Colleague: 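Please find one structure pasted underneath; my questions will follow.
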Amino acid sequence: MADVKLAFIIHTLPYRSENSKLGATHAMSYQTVEILLEDGQTITPALCYVGDAVLNCVKDQKAMELYGMTSTETHIKNCLLVDMDVMVCKEDMDKFGITEDRIVDADDMGADKKVQIVPYAEIKKVMESANHLLFF
Amino acid sequence: MADVKLAFIIHTLPYRSENSKLGATHAMSYQTVEILLEDGQTITPALCYVGDAVLNCVKDQKAMELYGMTSTETHIKNCLLVDMDVMVCKEDMDKFGITEDRIVDADDMGADKKVQIVPYAEIKKVMESANHLLFF
Amino acid sequence: MKLGVFMSEFRAGSEVLNRLTADKLGVILVGNAVYHAAVKENGQSSSLLDKSANFYALSEDLETRGLSPASIDSRVKVVNYGDVVDLIFNDYEKFAWL
Amino acid sequence: MKLGVFMSEFRAGSEVLNRLTADKLGVILVGNAVYHAAVKENGQSSSLLDKSANFYALSEDLETRGLSPASIDSRVKVVNYGDVVDLIFNDYEKFAWL
Amino acid sequence: MGTLSIGVFSSLIGSMSYDFALKLADAAADKGHKVNLWFSGNAAGSPLKGQKHLKDYSHGEKPLRAIMEKGVEVCTCEACSVARGVNKTNAIEGVQWNAMHWYLAKIYSSDRVLHIGGE
Amino acid sequence: MGTLSIGVFSSLIGSMSYDFALKLADAAADKGHKVNLWFSGNAAGSPLKGQKHLKDYSHGEKPLRAIMEKGVEVCTCEACSVARGVNKTNAIEGVQWNAMHWYLAKIYSSDRVLHIGGE
């Protein structure tokens, strides 16, 4: 098996535990995992926010200014910058009344990727096609 | 003020966090606090289990045998042995269908005190008459 | 009694809060409990805010989460750490943290 | 997929679980989630057990809490740590911890 | 001016309740109040010295030293700390070590008590 | 026999998820499986050596040393550990130190992955 697909499913709120942050940073480490793998072996992560965790994806988080700590927003931006698939569940955004313009983007950092707003059915497909699941 | 009354209100489940255990052990430390107080100064704790926390008071907990750790049951027994007021909310026991015979006692250790099964209104009175509240 | 209740979570603590009563009741939303003041679910405000109490939300914790103090529920007063100190000493006597 | 979901809490995780589907679904109750198998509220069993799935509960975690494996809901099979290892390798392929 | 005792039971990094407690203690000290801070539960792991200040994590050591400079009394539950491998030899200087009755004794002479549970 | 990678993110003492992870790793090793154990989040505080075994608290050091004896590979997230004041000089011997990609690389060659979140 040359490529292993991992689904990072974030279902927890930010700043309540480290989990949602660590989901993003662990997913991002796919960038450097090649030093521990053989040639041709790759890992492809997808980072999906469901349920309450869609609140992680709201922009303008001031964690650095107010608590001296990297915001979850910045972690998500970093994921976009390394071309990771980042998805947020549309039904849950709608439930909270979160509109697309409030979702984190990394346009200011020149990222090509955007957070993908997708129906839950898409996230289910990610879980089904993944080799392993990691729920944060 | 010669006596300070403290209400230790336990509202969390056992073994999910240390809180419910630490509620009992902190309350119990009233026994030795005199070494740090002046003559005539006393602290009187009351330990009250409400909501889901009534499940702390179910007997026959095997935490020591299975995880090598003092059970919450043993901590409650120790509180009874030092003559502390320990109360459990009757409405919540009824909600879970927990009968009186399943509630921890320290009869085998020769304690005079028993866990008092009281209506929530009694626990409210404890909160009102206390100088300070500690929710665990 | 004058009771100040710190709510620190969005998905826990409401049942305990619902049973608390006091002559004067304050509910101070900190940590993820600030979502009670700032988000609606299916168009509904949090039922927590229906309780008869004075509500406060910590501005630092709103802004950390990308929530604008200007857009929160009108029943909630925005406070900072210094204000919380004053609430503790001047407005309430006993406290619970949920 | 064959999905094994570890539930570790009594008051959290149900909403996430409810949306999970699999060709073969197992729910392994550990930690305080064993209360789902062992207590009723107002005479009602936990609605978690209504999901179409194979249910297991960890005997060590039942007994730690004073809950007798003999008295749990008949839909739930009692397992020990060794059994959980076998479930992981033989019965399910992917896992979630809630 | 009054006396406030704060009990903290949550971990250095995670829920941010620890950050809250330190910021509240600091704000109260700035207003001239006497503040006592008690660490138990997971907070009893926080007096370990030599914490590296990385921007992705909450950091307790610097603000803890700063509030002690301002006169905030800080004490950790000895049993809770040593069970985690933190002891007097590897701990931040100035943090007191005592049993749970230290907290109760401080509460005895406090005007206000904020007991912060959590993890 | 297969390979199982377990990620643990909860604290040494508290939720007992840490106890669960160690017992599961032990049971899997006893059945002849290869087990990898990754510590991040609050679990990254657990490699601190010199934990005093008090009966009122979960204790990780002894069972951790015991499962490493059985061949379980254990690695902690270096950033998560040093942010908590735990580093190579005060850590339990035999625990590996690496970045998060260690966990992903172990997952790559695992048959099964149990990622235990929590606090």
Side-chain angles (χ1 to χ4, degrees), chain E residues 8-20 22 39-65 74 76-95 97 99-101 116-119, chain F residues 8-20 22 39-65 74 76-95 97 99-101 116-119:
Chain E
V8 194
F9 286 63
S10 43
S11 55
L12 170 64
I13 303 173
S15 69
M16 299 189 69
S17 295
Y18 188 91
D19 303 69
F20 175 90
L22 264 54
F39 291 151
S40 181
N42 273 334
S46 73
L48 183 61
K49 77 176 156 192
Q51 296 163 23
K52 190 158 182 176
H53 182 161
L54 301 176
K55 68 182 188 337
D56 285 5
Y57 301 85
S58 292
H59 33 276
E61 184 164 352
K62 276 186 209 173
L64 190 61
R65 289 182 187 272
V74 180
T76 190
C77 171
E78 181 156 4
C80 296
S81 288
V82 299
R84 289 166 171 83
V86 181
N87 53 59
K88 287 174 190 168
T89 67
N90 60 19
I92 295 167
E93 303 79 10
V95 174
W97 290 71
M100 294 173 184
H101 55 221
I116 300 176
E119 283 141 280
Chain F
V8 194
F9 287 62
S10 44
S11 55
L12 170 64
I13 303 174
S15 69
M16 298 189 69
S17 296
Y18 189 91
D19 303 70
F20 176 90
L22 265 53
F39 290 151
S40 181
N42 274 334
S46 73
L48 183 61
K49 76 175 155 193
Q51 295 163 23
K52 190 157 180 177
H53 180 162
L54 301 175
K55 69 183 186 335
D56 285 4
Y57 300 85
S58 292
H59 34 275
E61 184 165 351
K62 276 185 210 174
L64 189 62
R65 289 183 187 272
V74 180
T76 190
C77 171
E78 182 155 4
C80 296
S81 288
V82 299
R84 289 166 172 82
V86 181
N87 53 59
K88 287 175 191 167
T89 66
N90 60 17
I92 295 169
E93 303 80 9
V95 174
W97 290 72
M100 293 174 185
H101 54 220
I116 300 175
E119 286 143 275

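Just so we're on the same page: letters track the sequence lines, and every chain starts at 1. In this text the structure is predicted, and so the values were computed from the model without any measurement.
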Colleague: Between Gly14(E), Ser15(E), Ser11(E), which has the largest tally of heavy atom pairs under 4.5 Å with chain F?
Modeller: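 Ranked by heavy-atom pairs under 4.5 Å with chain F, first place is Ser11(E).
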Colleague: Quick one: of Leu12(F), Ile13(F), Asn90(F), Asn42(F), who has the most non-hydrogen atom pairs under 4.5 Å with chain E?
Modeller: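 Most heavy-atom pairs under 4.5 Å with chain E: Ile13(F).
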Colleague: Please look at Leu54(F) and chain E and tell me whether the side chain, the backbone, both or neither of the residue comes under 4.5 angstrom of a heavy atom of that chain.
Modeller: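 Leu54(F) touches chain E through side-chain heavy atoms alone.
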Colleague: Above 12 or not: heavy atoms from other molecules or residues under 6.0 Å from NZ of Lys49(E)?
Modeller: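 Yes - once you tally the heavy atoms of other residues, nucleotides and ligands closer than 6.0 Å, there are more than 12.
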Colleague: Mind ranking Ser46(E), Gly85(E), Gly45(E) by heavy-atom pairs under 4.5 Å with chain F and telling me who comes out on top?
Modeller: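 Sorted descending by pairs with chain F, the first entry is Gly85(E).
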Colleague: Shorter than 4.5 Å, heavy atoms on both sides: which option in Glu61(E), His53(E), Arg84(E) has the most such pairs with chain F?
Modeller: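 It is Arg84(E).
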